[in-house]
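Atoms within a ligand are numbered from 1 in the order they appear, just like the ligands themselves.
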Amino acid sequence: MEKADALVSLLAENAAKVDAEAEFPVENLCALRESGYLGLLVPTEYGGMGRGLDDMVEVARSLSTGCLSTAMIWAMHCQQTDVLVRHADAGLRAELLPRVAAGEVYLASITTDTNKGGHLLAAQDSLAHRGELLTLHRDAPVVTGGVHADGFLITMRAHQEAREHEVTLVYANRKDLSVQQTHEWRTLGMRGTHSVGLRLSGQVPAHHIVGAPGRFREVAADSMVPTGHLGWSACWLGAAQGAFSRLVRKLAASAHKGGTDLSSPLVQERVARIRLDLELVSAYLSKVREEVSALRESGRRLDAPSVQIHLNTLKLAASELTFQAADRMVQLAGLSTGYSGDSPIPLERVFRDLRSAALNYANDRLLTANGALSMLDRAVTLV
Ligand SMILES: Cc1cc2nc3c(=O)[nH]c(=O)nc-3n(C[C@H](O)[C@H](O)[C@H](O)COP(=O)(O)OP(=O)(O)OC[C@H]3O[C@@H](n4cnc5c(N)ncnc54)[C@H](O)[C@@H]3O)c2cc1C
């Protein structure tokens, strides 16, 4: 994917400013639109690149070596695209996917709710059905790229009498909504994702429901969770890998000038432990990606407990181990290279960014889910 290599230098150039100003990387998104990469997962019949999860993972990993915020923006857009490709009805696919492929539509995701928090499979604000139109009012506390998105995939309670677990996913064009920003995004890291709070209201046609009404759980298991966990993990790995590559180059260069003693067993052990964390994430990511791709190719479902455990484990392991690797890199590099914002290696930013990984869908939620799922997979089907 040679185009991605060209994008990485632009992302790396803009990364410090995007982080310092906590601003959305407009120039990077523009380049992604022009490159055709917003349509990576759009089938060729709709004018897209027609690629699969292998390429999504590889591009996400690569882009993250330049700017983790931008890579996450892109990976989450791909996640939403996959949901549309697999679950939108033929009319919505025909209407929307050519525009995504042409780079006209950048998609944002709204699942988090002001009251029920991060829980993916519950929603409070409900859809009102009026003939062929659906009316929605949604408070969304965290929406990556929400101010710049051209369309939104939004989880809603299916109707006014529905229980909170009867969730419907609905697509809305920005132009059909009134969108008001309610919160700023002033965070420790991932500042370039500009994940602000929004209040959205408007009406959308009934055929903009994605998947069966009230059964978002099926869309989540088949598409949103697999692509999310694969894409995020690839991004986190890429950011840590990029920083580590720069650090080992710097250590090697400084050793020639009488800097770090690379024959020191302490230094070697520290380097080896970082490498160990990255190797484990990389291997687990590859295995889960292969498992999901194989199931998809053979038309099988992804909702078996063991498959869901593997997907959750990937997110848990990638978020914890890449952050641990970044922490270890800071220690190995020392104060001026590891901890200073003026360092030639952006370790300080990568450390702050990766701290969000365990929060970006709370690891506690995935651990409790995996505890329960493990009781259903008594044969212990390991990846
Ligand atoms: C960079 C970034 C980008 C994001 N982009 C988006 C976006 O575009 N769209 C969107 O909708 N959301 C987005 N989110 C939000 C994200 O998906 C999560 O919903 C959010 O991070 C969860 O926030 P929370 O920890 O406050 O909430 P919750 O998940 O509600 O958790 C609240 C607290 O309860 C704890 N907890 C939860 N469940 C359990 C349990 N079972 N056992 C014990 N403790 C538990 C958690 O650890 C946490 O301390 C983004 C988040 C980040 C960091």
Side-chain angles (χ1 to χ4, degrees), residues 18-19 22-25 29 60 64 67-81 83 106-125 136 138-156 164 167 169-172 174 179 181-200 216 219-220 224-225 227-229 231-233 235-236 239 312 315-316 318-320 322-323 349-350 352-374:
V18 157
D19 172 60
E23 68 183 23
F24 187 81
L29 180 67
S64 305
C67 173
L68 180 53
S69 282
T70 308
M72 282 293 268
I73 288 166
W74 178 80
M76 286 165 68
H77 163 87
C78 288
Q79 179 191 27
Q80 308 310 303
T81 307
V83 165
Y106 156 54
L107 297 161
S109 163
I110 297 181
T111 59
T112 306
D113 184 299
T114 309
N115 298 312
K116 58 98 191 161
H119 189 8
L120 182 66
L121 302 176
Q124 265 202 345
D125 295 329
L136 63 86
R138 177 71 149 93
D139 269 321
V142 196
V143 188
T144 290
V147 171
H148 300 266
D150 308 291
F152 302 88
L153 274 159
I154 308 169
T155 51
M156 298 290 296
E164 71 166 15
V167 177
L169 185 68
V170 65
Y171 171 74
R174 181 180 205 96
V179 182
Q181 186 177 334
T182 51
H183 300 87
E184 297 291 327
W185 177 247
R186 292 206 195 97
T187 48
L188 179 70
M190 298 307 287
R191 291 162 58 79
T193 61
H194 204 251
S195 303
V196 295
L198 299 180
R199 182 167 299 132
L200 311 100
F216 169 63
V219 178
M224 199 178 273
V225 171
T227 46
H229 291 194
W232 298 344
S233 301
C235 287
W236 298 327
N312 291 344
K315 194 272 171 181
L316 290 162
S319 59
E320 291 185 0
T322 57
F323 177 65
R349 184 180 74 241
V350 169
R352 283 187 287 107
D353 283 350
L354 287 175
R355 183 60 187 86
S356 74
L359 304 172
N360 192 354
Y361 206 74
N363 277 7
D364 294 326
R365 289 190 186 277
L366 296 177
L367 283 164
T368 47
N370 270 7
L373 286 163
S374 295

Check: Taking all non-hydrogen atoms of both residues, which atom of Gly192 and which atom of Ile73 are closest, and how far apart?
Finding: O-CD1, 3.6 Å
Item checked: Contact atoms of ligand 1, heavy-atom distance to Ile110 under 4.0 Å -> 11 (O)
Check: Considering only heavy atoms of Gly117, which atoms of ligand 1 have at least one such atom less than 4.0 Å away?
Finding: 30 (O)
Check: Is there any N or O on Thr144 that sits under 3.5 Å from an N or O of ligand 1?
Finding: yes
Next item on the list: May I ask whether atom 33 (C) of ligand 1 is less than 4.0 Å from at least one protein heavy atom?
Entry: no
Next item on the list: Provide the closest heavy-atom pair for Asp113 versus Arg138 in the form atom of the first, atom of the second, distance.
Entry: CA-NH1, 3.7 Å
Checklist line | Nearest protein heavy atom with distance in Å, relative to atom 1 (C) of ligand 1 | finding: Met190 CB, 3.8 Å
Notebook entry, point to check: Measuring to protein heavy atoms, does anything land under 4.0 Å from atom 26 (O) of ligand 1?
Noted result: no
Next item on the list: Indicate the ring-plane relationship of Phe24 and His194, choosing parallel, tilted or perpendicular according to the 30° and 60° boundaries.
Entry: perpendicular
Check: Mind checking whether Asn360 and Met72 have side chains closer than 4.5 Å, heavy atoms only?
Finding: yes
Item checked: Closest contact, heavy atoms only, Cys235 versus Leu68 -> O-CD1, 3.5 Å
Item checked: Ser64 side chain reached by Trp236 side chain, heavy atoms, under 4.5 Å -> no
Margin query: Using a 4.0 Å cut-off to any heavy atom of Thr112, which atoms of ligand 1 qualify?
Written below: 10 (C), 11 (O), 12 (N), 13 (C), 15 (C), 16 (C), 17 (O), 18 (C), 19 (O)
Margin query: Counting C-beta onward and ignoring hydrogens, is there a side-chain heavy-atom pair between Asp353 and Met190 closer than 4.5 Å?
Written below: yes
Check: Backbone, side chain, both or neither: what part of Met76 comes under 4.0 angstrom of ligand 1, heavy atoms only?
Finding: side chain
Next item on the list: Considering non-hydrogen atoms only, spot the tightest contact between Thr112 and Pro141 and give its length.
Entry: O-CD, 3.5 Å
Check: To which protein heavy atom is atom 35 (C) of ligand 1 closest, and what is the distance rounded to 0.1 Å?
Finding: Asp364 OD2, 4.0 Å
Check: From atom 21 (O) of ligand 1, is the closest protein heavy-atom distance below 4.0 Å?
Finding: yes
Notebook entry, point to check: What atoms of ligand 1 come closer than 4.0 angstrom to any heavy atom of Ser195?
Noted result: 3 (C)
Next item on the list: Under 4.0 Å from a heavy atom of Thr368: give me the atoms of ligand 1 that qualify, with their elements.
Entry: 41 (N), 42 (N)
Notebook entry, point to check: Which heavy atom in Ala220 sits nearest to a heavy atom in Leu121, and how many Å separate them?
Noted result: CB-CD2, 3.9 Å
Notebook entry, point to check: Hey, which atoms in ligand 1 end up nearer than 4.0 Å to a heavy atom of Ala362?
Noted result: 29 (O), 46 (C), 47 (O)
Notebook entry, point to check: Between Asp150 and Arg174, is the closest basic N to carboxylate O distance under 4.0 Å?
Noted result: no
Notebook entry, point to check: Are any of the side-chain heavy atoms of Ile110 and Leu200 separated by less than 4.5 Å?
Noted result: yes
Check: Tell me, which protein residue and heavy-atom name are nearest atom 31 (O) of ligand 1, and how many Å apart are they?
Finding: Arg365 NH2, 4.0 Å
Margin query: Students should be able to answer this: which protein heavy-atom is nearest to atom 23 (O) of ligand 1, and at what distance?
Written below: Leu359 O, 4.4 Å
Check: Given Leu68, Leu120, Val142, which has its nearest heavy atom closest to atom 7 (C) of ligand 1?
Finding: Val142
Notebook entry, point to check: Which heavy atom in Leu107 sits nearest to a heavy atom in His77, and how many Å separate them?
Noted result: N-ND1, 3.1 Å
Note to self: Show the atoms of ligand 1 that are less than 4.0 angstrom away from any heavy atom in Gly118.
What the structure shows: 19 (O), 27 (O), 28 (P), 29 (O), 30 (O)
Checklist line | For atom 2 (C) of ligand 1, closest protein heavy-atom neighbour | finding: Asn360 ND2, 3.8 Å
Checklist line | Check: Thr182/Asp139 side-chain N/O donor and acceptor closer than 3.5 Å | finding: no
Next item on the list: Please confirm whether Ser109 comes under 4.0 Å of ligand 1, counting heavy atoms of the residue only.
Entry: yes
Next item on the list: Kindly indicate whether atom 47 (O) of ligand 1 is approached by any protein heavy atom to under 4.0 angstrom.
Entry: yes
Checklist line | His119 near ligand 1 by a heavy-atom separation under 4.0 Å | finding: no
